[in-house]
Amino acid sequence: MKQIALLFLLSLGNLFAQSGLIPEPVTYRQTAGQFRLGTQVGIAPGAGVSSQFVTLFQVQIRACTGLSLVLKKTKPSIELTIDKGRVTQAEGYQLQISTQGIKLTGHDEAGLFYGVQSLTQLFAQSKSATIPACDITDYPRFSYRGMHLDVSRHMFSVAFIKKYIDELALYKFNTFHWHLTDDQGWRIEIKKFPELQQKAAYRTETMIGHKKELPHRFDGKRYGGYYTQAEVRDIVQYAAQRHITVIPEIEMPGHAMAALSAYPKLGCLKPNGQPGGPYQAATFWGVFDDVFCAGNDSTFAFLEGVLDEVIDLFPSMYIHVGGDECPKTRWKTCAKCQARIRDEHLKDEDELQSYFIRRIEKHVNKKGRQVIGWDEILEGGLSPGATVMSWRGIEGGIEAIRQKHNAIMTPESHVYFDYYQSLYPEEPLAAAGYTPLSKVYSYEPIPADISPDEAIYLKGVQGTVWSEYLDSPAQAEYMLFPRAIAVAEIAWSQRQNRNYPDFLRRLRLQEILLKRLNVQYANRFDELTDSVTVTSAGSVQLRLSTTLPGATIRYTTDGTNPILSSATYTQPIDIRQTETIKAVVFLSNQQQGRVFQKALTISKATGKLVMFTTEPSGNYKPVSPLVAVNGVAGTSRYNTGEWIGFQGKDADVLIDLQSTLSISSIGTHILNYHWQRMWAPDTLSVAVSDDGKTFREVYQQTQFPINGINPVNATFPPTQARYVRIRATNKGIIPSGEYGAGGKAWLLLDEFRVD
């Protein structure tokens, strides 16, 4: 028994020897003893530590512990020092906590501030303001550690913006990317152009529900507002005190509907030479053909006037000019734009966009600033000195880096937080696919094929959130946290120090602080997840897992919700027939979280050989052809790996049932999401064969009316066949007026069922 007790104590010692901090510091070493904070403890600032910083420190400690500390050099004390010789890394700090006091040394005031954030986290996790003695050495991996917020679709109060800045500062972010203008509203006061505040800041109504739902529904209520220049200055100063730089984004040349509603002469001419319009701020979500006219000099005079005031408000080195999702439809028929192409000897409309950004960049550079743009600014040639924010993947960032331009990674696939973070149907409405916390944390910003010499151009990483479906501060925080906290660790912590199970351990410790700060975070990260495997023998197995330590999973197969007496999950569940599995996580005999549910359909095709005559494309290429016959249908959260996609190409799929069988039904689904460039085929046909050479058509479908998932249920008189061929003709080029016009359409199919 003594030996068991000793082992238990040692295990506790190891636990407490681990950091509870996020981001994980470079080094953390627990030492002997504890430090107890009390009113007898003084604050002893060294040379160079401003009184403003000390006041902020006092406020933060009081909010965390309830204790008011004063300036005094008595022992014990909290010593605050700036020493570039001792802490050589910019923004770095050393924190020494002993029974006698606390010594916090920063390379600069930013480093000192980040040390305070670590102290705040430690005190929040303690009882009676007592924390373990330890030595911490810490500094950031990347110089750019950013989070974004769109206030155009839905606007947030100054109070919430400040709260958001506090939340970012707590986790050592140093950049707030403030998306201020878009089609749905202009959110910043520009004194030179008052109609931006009077008209462009408001829309007549707002969409209800999801944009995929047709017909679109609206609330009929005028919506809008803007931040005054005084409010902007206040927010910028508030952020600066917390060592956060605010980077403004003024969208151009696209996403301009709101601005055009106020100043319609900045739009393109119609094909007949008449002025464009009429324009109004967009009332629903999407990308619109009406953009700033690139052939009109008054466009540049307007934008330069706007940027002059923006630059005066924001001291940031970078000014974000958007540059993304700019359809060229209007430019192609606008006489002024075509004249600009000829006069400037440009090749096409892509080079016209490059001309547009370069002209704006020259103006920004004259003011001593640099531009950042989304990765579309690469189209037609990258502006010299511009920094690329890579969102459509990592390719734009890689291209910029290899051209020796700075890049910031914010790929939609991993760090866009308007995506669902759970597959549970109870999740609140969100924009698109599925990005769980685990996927966010798995993201590594430096691409594998980038050399160390090239990596110096990668300045950092950013999480991004668009606000179409964030209609309240609570919903915004729910979508942001804890995923933003994962980005904080990616951006700050050394790569070798990142470990997802340990991150979750530390995240659970952070919940105390998040609740104290009234952050409406998503506490769903320990809920059940699953994976399905299928063999060529037709065996399907469902694996369930939870990251919650010490938990038990119980499940049912009869449609009822699991209870304490339900079967305990101990190994993968064999699925031999069509059924729905329900499962629940229990801890200490108490249900944790929501009921998990998974429907699986077993057919004569399950686990059989699948061959793609046309190879699937991109992120919709399955990890194995057996995904097409694993019993799992695709869902509206389309990026879970179940949908099989073909970009600009027809689908041609052959299923070998491996023996001749009697069949009378074949099924699949088609995903029709024009807002994601996903189009139904012109024709889908099903044919069967005995020998794999001679096929006879048994079904054809040309109508796919649902704006979403369209079922394909081919039924026919029973026939003998071994092979099934499914062909679908791709839409091809996306037509004018649609999202992604001129690009290649996606054709998506999911699970193939044969009975």
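Residue numbers run from 1 in the order of the sequence given. Everything numeric in this text was worked out from a predicted model, so none of it was measured.
A donor-acceptor pair is defined here as one N or O able to donate and one able to accept, closer than 3.5 Å; such a pair exists between the side chain of R483 and the backbone of T435. With hydrogens and angles ignored, the 3.5 Å screen pairs a side-chain donor or acceptor of K582 with a backbone N or O of G559. A donor-acceptor pair under 3.5 Å is formed between the side chain of N730 and the backbone N or O of F646. A donor-acceptor contact shorter than 3.5 Å links the side chain of N672 to the backbone of I706. A donor-acceptor pair under 3.5 Å links the side-chain atoms of Q184 to the main chain of F284, judged by distance alone. A donor-acceptor pair under 3.5 Å links the side-chain atoms of S390 to the main chain of G393, judged by distance alone. For the pair K649 (side chain) and E615 (backbone), a donor-acceptor distance under 3.5 Å is present.
Between H210 and Y469, the ring centre distance stays below 6.0 Å.
Looking at Y416 and T410, their side chains come closer than 4.5 Å, going by heavy atoms from C-beta outward. The shortest side-chain heavy-atom distance between D183 and D290 does not fall under the 4.5 Å cut-off. Residues E249 and W374 are in side-chain contact: their nearest non-hydrogen atoms beyond the backbone lie under 4.5 Å apart. Counting heavy atoms from C-beta outward, L480 and M147 have side chains that approach closer than 4.5 Å. Using a 4.5 Å heavy-atom cutoff, the side chains of P436 and Q421 are not in contact. Side-chain contact between Y434 and T635 is absent, with no heavy atoms from C-beta onward closer than 4.5 Å. Using a 4.5 Å heavy-atom threshold, the side chains of I394 and I398 count as touching.
Test T668, T578, T601, N713 against R753 for side-chain hydrogen bond (donor to acceptor under 3.5 Å, both in side chains) and you get one pass: N713.
In summary, the side chains of S689 and T694 do not present any donor paired with an acceptor at a separation below 3.5 Å, with no hydrogens or angles considered. Checking S152 against D150 by side-chain atom types alone, no donor-acceptor pair falls below 3.5 Å. Defined by atom type and a distance below 3.5 Å, a donor-acceptor pair is present between the side-chain atoms of D526 and T547. Side chains of T533 and R543: a donor-acceptor N/O pair is present below 3.5 angstrom, by distance only. Counted by atom type alone, Y424 and E527 present zero donor-acceptor pairs between their side chains at under 3.5 Å. If you check the side chains of E427 and Y478, you find a donor sitting under 3.5 Å from an acceptor. When only modelled atom types and interatomic distance are considered, E325 and H255 share a side-chain donor-acceptor pair under 3.5 Å.
Counting heavy-atom neighbours within 6.0 Å of Q720 CD, excluding the residue itself, gives a total above 12. The 12-atom threshold is exceeded at CZ of R402, counting heavy atoms of other residues, nucleotides or ligands nearer than 6.0 Å. More than 12 non-hydrogen atoms from other residues, nucleotides or ligands lie less than 6.0 angstrom from CG of D682. Under a cut-off of 6.0 angstrom, the local environment of NZ in K744 is sparse, with at most 12 non-hydrogen atoms contributed by other residues, nucleotides or ligands.
The line from OG of S617 to CZ of F612 is 11.0 Å long, rounded to the nearest 0.5 Å. Rounding to the nearest 0.5 angstrom, the gap separating the CD1 atom in I490 from the CZ atom in F142 is 9.5 Å. The distance from atom OG1 of T660 to atom CG of D691, rounded to the nearest 0.5 Å, is 9.5 Å.
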Quick one, Y419 with E412, criterion side-chain hydrogen bond (donor to acceptor under 3.5 Å, both in side chains). Give me CA distance, side-chain angles, the key distance, then yes/no.
CA-CA 9 Å; Y419 279 32; E412 180 182 18; 2.5 Å; yes

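For A407 against I401, the heavy-atom pair with the smallest separation is CB-CG1, 3.9 Å.
Y443 and H414 have tilted rings, their planes meeting at an angle from 30° to 60° on a 0 to 90° scale.
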